Each structure stands twice: as structure tokens, then as C-alpha cells.
Trainee: 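What follows is a structure written as C-alpha cells; I'll ask about it next.
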Amino acid sequence: MLPTLGAPVQDRPIDLAVLISGSGSNLQALIDAQGDYRIVVVISDRPGVRGLERATEADIPTAVVAWAGNRSEHTSRICAAASGAGAEALVLAGFMRILAPEALAVFPGAILNVHPSLLPAYPGRDAVAQALADGARVTGVTVHFVDEQVDHGPIIEQATVEILPGDTVETLHARIQAQEHLLYPRIVAAFARGEISRPALGVEPR
Ligand code: GRF
């Protein structure tokens with residue numbers, strides 16, 4: 001895990017916005033682990049998804065910010081919804097849109113993502129299928145700070161998942177998600193406690 005030099009330790013839960021696009025199984029894991037952090041809003045770019053129901057079941061406010069064909073405008077509306085709810089950080093959990101760089105200015109060093117591969121291998125939407133198609137023996141999960149590029153930015157933590165003979169995208173993704181559900185809440189909580197911070201620009205993460 002990235003070391004933090006002299007970072008202040010938070011003495012109160014920090015308030016988070018979680019961004020989703022679908023089933024929200026990672027959101028559920030994050031909801032269940034609240035304590036060091038509090039989820040103040042769940043924002044989806046798609047209406048009617050299971051993740052929004054999970055938020056409502058947990059009495060967490062929701063917002064749908066539908067894609068309107070302009071990344072900058074979409075990002076501004078998401079940041080406004082998050083800030084308006086009092087969020088201090090954005091946690092991307094299966095959010096299938098790319099945020100414009102403006103988000104980094106609104107939430108500097110405070111946007112996290114989980115990705116189903118060992119980045120920098122297999123960025124993009126079909127990370128699990130790519131690993132299978134390559135005949136890789138090992139893949140995994142990456143939690144990282146978001147930067148201007150897609151599925152890129154300082155890596156906070158990774159977990160490996162062995163690829164087994166006969167694996168399909170579904171079986172492999174299920175084992176990857178089991179690791180995500182363990183890793184992501186743990187890392188978000190450590191971030192919330194002030195134990196992890198994004199390295200300053202120009203400083204190597206490791
Ligand atoms: C996860 O595998 C995540 O790594 C990827 O999208 C998937 C979202 O799943 N970015 P869920 O919506 O959390 O169930």
C-alpha cells in the first residue's frame with residue numbers, strides 16, 4: 001500500500017459519493033463497511049439499476065445523472081450532485097463513464113476506482129475477457145487513484161486471482177468480484193482515516 005508521510009488522521013467519518021452504473025455489488029460492500037466513512041449520495045448515470053435500489057434500501061440518497069453526450073457537462077453535473085450532498089471524495093464502483101479532468105480539480109487526490117485486473121494490464125471495459133483471451137495465468141483487482149487517463153493513476157493496492165482451467169468470463173469475474181468486495185472497503189476506510197494519500201504530482205508512487 002502507498003505510504004503516507006505525515007498525513008493527518010481523520011477524527012470523524014468522511015463523506016463520500018459513490019458512482020455506479022449497474023448492479024452495485026461493490027457499492028453493497030462499501031455500504032456494509034461504513035464507519036470510517038459515510039456514503040452521503042449514490043450517483044448513477046443509468047436509471048433503474050440494482051445499485052440505486054441498494055442505496056435506497058440503506059436510506060442513502062440517490063441521484064441519476066444521465067449521459068447527455070458531453071463529457072465535460074456530465075462531469076460537472078456529477079460533481080455538483082456530489083458536492084451538493086456534502087461529499088468530500090468520489091468512489092467509483094462499476095461506473096462505466098469516463099470523468100472529464102475537471103473532476104480532479106473539484107476532488108483533488110480524492111477520486112478512487114476499482115478495476116478488475118492487475119493494472120497496467122488490461123485497462124478498459126473487457127478486462128476479464130482480455131485476460132482470458134491472452135491465456136494469462138493470473139489476473140486480479142486494482143484499487144487506484146483516478147488521474148486524467150482511463151483506468152490509470154497511482155496504484156493503492158492490488159489482489160491477485162488465479163485463472164483456472166475451464167474458467168469463463170462469468171466464473172473468473174465472480175472470483176475477481178469476491179476479492180473486490182474484500183479489498184475496496186478496506187482501502188476506502190484507510191483512505192477515510194487519512195492513512196493513504198495521493199502522491200504529489202511528479203513523485204513516483206513507489
Ligand atoms: C466491477 O468488477 C468493477 O471492478 C468494474 O465493474 C464491476 C462493477 O460491478 N469496474 P458492481 O456494479 O460493483 O457489481
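Atoms within each ligand, like the ligands themselves, are counted from 1 in listed order. The model shown is predicted, which means the values in this text are computed figures rather than measured ones.
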Trainee: Taking side chain as C-beta onward, heavy atoms only, is F95 less than 4.5 Å from I78?
Mentor: yes

Trainee: Under 4.0 Å from ligand 1, counting heavy atoms only, is it the side chain of Q177, its backbone, both or neither?
Mentor: side chain

Trainee: If I apply the N/O under 3.5 Å rule, does G24 come out as touching ligand 1?
Mentor: yes

Trainee: Among Q179, H181, H173, whose heavy atom sits nearest atom 2 (O) of ligand 1?
Mentor: H173

Trainee: Numbering the atoms of ligand 1 from 1, which are under 4.0 Å from a heavy atom of E180?
Mentor: 1 (C), 2 (O), 3 (C), 4 (O)

Trainee: Report yes if some heavy atom in the side chain of V141 is under 4.5 Å from a heavy atom in the side chain of T160; otherwise report no.
Mentor: no

Trainee: Check this for me: does any side-chain nitrogen of one of R38 and E88 sit under 4.0 Å from a carboxylate oxygen of the other?
Mentor: no

Trainee: Just which atoms of ligand 1 are under 4.0 Å from any heavy atom in P116?
Mentor: 4 (O), 5 (C)

Trainee: Look at ligand 1 and say whether V114 reaches it with a heavy atom at a distance under 4.0 Å.
Mentor: yes

Trainee: Give the intermediate values and the outcome of side-chain contact (heavy atoms from CB on, under 4.5 Å) for residues H144 and L112.
Mentor: CA-CA 6 Å; H144 66 99; L112 277 64; over 6 Å; no

Trainee: Could you tell me how the ring of W67 sits relative to the ring of H74: parallel (under 30°), tilted (30 to 60°) or perpendicular (over 60°)?
Mentor: perpendicular

Trainee: Out of curiosity, is G51 lining ligand 1, as in a heavy atom under 4.0 Å away?
Mentor: no

Trainee: Could you tell me if any non-hydrogen atom of R50 lies under 4.0 Å from any atom of ligand 1?
Mentor: no

Trainee: Look at the side chain of S83 and the backbone N and O of C79, then say whether any donor-acceptor pair between them is shorter than 3.5 Å.
Mentor: yes

Trainee: Tell me whether R54 is salt-bridged to E57, with the criterion being a basic N under 4.0 Å from an acidic carboxylate O.
Mentor: no

Trainee: Looking only at protein heavy atoms, which one is nearest to atom 6 (O) of ligand 1, and what is the separation?
Mentor: G94 CA, 3.6 Å

